Amino acid sequence: MKKNQIKTVKGFNEVLPPESFRWRMVEDKFRDLLEGYGFAELRLAMLESTELFARSIGDETDIVEKEMYTFLDRSERSLTLRPEGTASVVRAFNQYSFGKTSEINKLYYVGPMFRYERPQKGRYRQFHQLGAEVFGEASFYQDAETLVMLAQLFHTLSVEGVILHLNSLGCEACRPAFRDQLKSFLLDRQTSLCSDCQRRIQENPLRALDCKNPACREAVVGAPQINESLCDDCRDHFSGLCGLLDDAGLDYQVNSQLVRGLDYYTRTTFEFLAGDLGAQNAVAAGGRYDRLVEELGGKPTPAFGFAIGFERLMMLAGDKLAPLSSPFAALVPLGEAALRRLFPIHVNLNRDAQVTTLSFQQKSLKSQLKKADKDGVMYALIVGPDELSQEIAICRNMRTKEQTQLPLRNLEEALQELYHEC
Ligand code: ATP
Ligand code: MG
């Protein structure tokens with residue numbers, strides 16, 4: 001790369017061909033599955049008021065404290081590039097009063113997210129998520145349906161070895177007592193904790209359970225377990241969910257330290273972890289957030305959602321996808337007159353799918369056939385001055401090298417027929 005060329009901002013992951021074709025295949029499978037379960041797509045703003053994330057994700061989370069792309073615009077408003085999707089979907093749910101038109105709202109999104117993290121394998125500053133949220137359903141059946149649907153996506157993509165980790169964080173009835181227990185446990189070990197966790201003990205002690213610092217990980221071994229402090233309703237919700245997952249044959253591990261890096265969760269939280277991903281092993285994550293709609297100014301509405309890391313999903317699914325399809329035939333003109341004759345055939349045939357390639361560059365027969373071979377086409381249709389005068393095209397089978405003649409007059413129909421035969 002030359003010195004004066006401009007590059008992407010560090011850690012901003014872009015998707016280039018042929019990878020972009022594979023992304024499309026996976027995205028299509030995601031859309032088909034979700035639409036089958038009654039979800040509809042939202043395409044939302046990528047830039048939001050900073051306050052939206054401070055109020056929803058939580059002031060004292062890593063995301064809000066350290067990872068957001070926040071700046072003042074020309075009118076000195078504080079704006080933030082969205083670090084995740086849920087806050088924006090809830091904002092939209094309230095702003096457009098979705099709850100008024102329908103009791104249950106199932107919404108999904110696909111798009112880039114932005115976090116100022118240290119770029120490494122599976123971790124970028126611009127990355128992409130496939131996510132969904134369900135509003136208006138408090139039943140644990142909803143949690144189960146969504147988790148089974150995610151497992152079905154992994155199955156459809158032949159992604160194996162992904163394990164569901166599950167926890168319940170309780171609700172406003174039972175969590176305060178647990179927080180107090182955890183607070184006193186952490187205060188006893190205060191000096192072993194990182195400075196962030198020490199600072200957060202009073203306001204947000206649960207954050208220590210999510211801290212990635214090895215010293216903190218060690219210090220919280222033996223911490224009180226939230227699932228032992230759940231109220232009856234939360235316990236019923238969790239055991240109801242576990243029972244449905246058992247019935248559906250979906251394996252899971254209860255992980256009592258799974259609190260997630262966002263403050264809005266109530267009751268169910270989960271992560272799908274993949275051994276093959278190394279240190280960045282969470283491929284999807286989410287949970288229930290029954291209070292957030294209200295906290296962001298809406299009517300009390302229970303909700304459940306998830307986000308899949310698209311890059312991480314592609315690392316798991318990438319090489320198991322069907323190979324990309326090649327164009328069917330190469331049109332090989334020799335000379336301007338032949339190119340002119342083949343051009344309308346080329347554009348007519350490619351209307352619905354890529355059937356033909358056509359070079360506009362007047363290349364030699366040899367180089368055009370070499371390119372056709374590289375593209376993996378089935379046939380090359382060669383037309384030079386002699387063929388033009390005889391109103392024919394030479395049809396070369398690229399595998400057998402057999403050559404036949406086709407009348408130029410109805411070449412389009414003949415190719416159409418061959419294409420549909422194979
Ligand atoms: P991690 O523990 O890996 O930091 P997280 O808990 O911060 O993940 P969430 O906010 O729950 O992640 O986002 C959902 C999913 O998005 C993650 O499970 C992961 O697959 C993906 N993800 C999160 N941050 C990044 C990133 N910086 N780069 C790529 N993918 C990411
Ligand atoms: Mg993170």
Side-chain angles (χ1 to χ4, degrees), residues 8-15 19 23 26-27 30 53 56-58 60-69 80-90 108-133 146-147 150-151 153-154 157 159 161-167 169 196 206-214 216-217 255 257-265 268-289 292 304-318:
T8 45
V9 177
K10 185 179 171 197
F12 275 52
N13 188 43
E14 296 179 305
V15 186
E19 197 51 17
W23 277 54
V26 170
E27 191 175 322
F30 172 80
F53 303 112
S56 55
I57 299 171
E60 281 144 13
T61 56
D62 279 352
I63 295 181
V64 173
E65 276 182 349
K66 303 176 194 163
E67 296 174 1
M68 295 205 308
Y69 276 90
T80 295
L81 278 170
R82 64 182 187 190
E84 58 112 47
T86 303
S88 301
V89 179
V90 174
Y108 77 86
Y109 58 86
V110 178
M113 305 294 159
F114 305 86
R115 296 187 195 175
Y116 193 83
E117 299 196 77
R118 190 169 73 77
Q120 54 198 290
K121 185 166 171 261
R123 196 178 290 292
Y124 312 92
R125 291 180 172 175
Q126 173 172 332
F127 62 102
H128 300 78
Q129 286 184 339
L130 305 153
E133 320 289 344
T146 313
L147 290 171
L150 268 171
L153 180 69
F154 297 136
L157 297 172
V159 169
V162 178
I163 298 169
L164 170 59
H165 284 235
L166 202 57
N167 194 22
L169 291 182
D196 281 343
L206 268 75
R207 292 265 62 84
L209 298 178
D210 190 56
C211 184
K212 306 238 159 71
N213 186 310
C216 298
R217 299 237 54 79
N255 176 351
Q257 304 219 327
L258 186 71
V259 300
R260 315 272 308 105
L262 307 93
D263 281 351
Y264 49 63
Y265 290 111
T268 315
T269 56
F270 70 89
E271 280 182 355
F272 279 92
L273 302 183
D276 290 351
L277 288 178
Q280 274 60 253
N281 63 349
V283 60
R288 182 163 279 287
Y289 52 95
L292 184 59
F304 188 92
F306 68 83
I308 304 169
F310 210 153
E311 281 80 1
R312 295 187 198 177
L313 183 64
M314 293 310 295
M315 285 177 188
L316 297 170

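Order of listing sets the numbers, starting from 1, for every ligand and every atom in it. Position 1 is the first residue of the sequence, and the numbers go up from there. If you're wondering where the values come from, they're calculated on a predicted model, not measured in any experiment. For the numbers below, each heavy atom of this structure counts, side chains included, while hydrogens, waters and symmetry mates do not.
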With sequence neighbours left out, write down each residue that passes side-chain hydrogen bond (donor to acceptor under 3.5 Å, both in side chains) with R115, or none if nothing qualifies.
-> none
Please name all residues satisfying side-chain hydrogen bond (donor to acceptor under 3.5 Å, both in side chains) with R125, sequence neighbours left out, ordered by chain then number.
-> none
At a heavy-atom distance under 4.0 Å, which protein residues reach ligand 1? Sort them by chain and number, would you?
-> R115, E117, G122, R123, Y124, F127, Q129, K212, R260, A282, V283, A284, A285, A307, G309, R312
When rounded to the nearest 0.5 angstrom, what distance separates CD in Q129 from CZ in R312?
-> 9.5 Å
Are F127 and F114 near enough that their ring centres are under 6.0 Å apart?
-> no
List for me each residue that meets side-chain hydrogen bond (donor to acceptor under 3.5 Å, both in side chains) alongside E65, sequence neighbours excluded, and say none if there are none.
-> R199, R200
Could you go step by step and tell me if R207 and D62 meet the salt bridge (charged side-chain N to carboxylate O under 4.0 Å, His left out) rule?
-> CA-CA 9 Å; R207 292 265 62 84; D62 279 352; over 6 Å; no
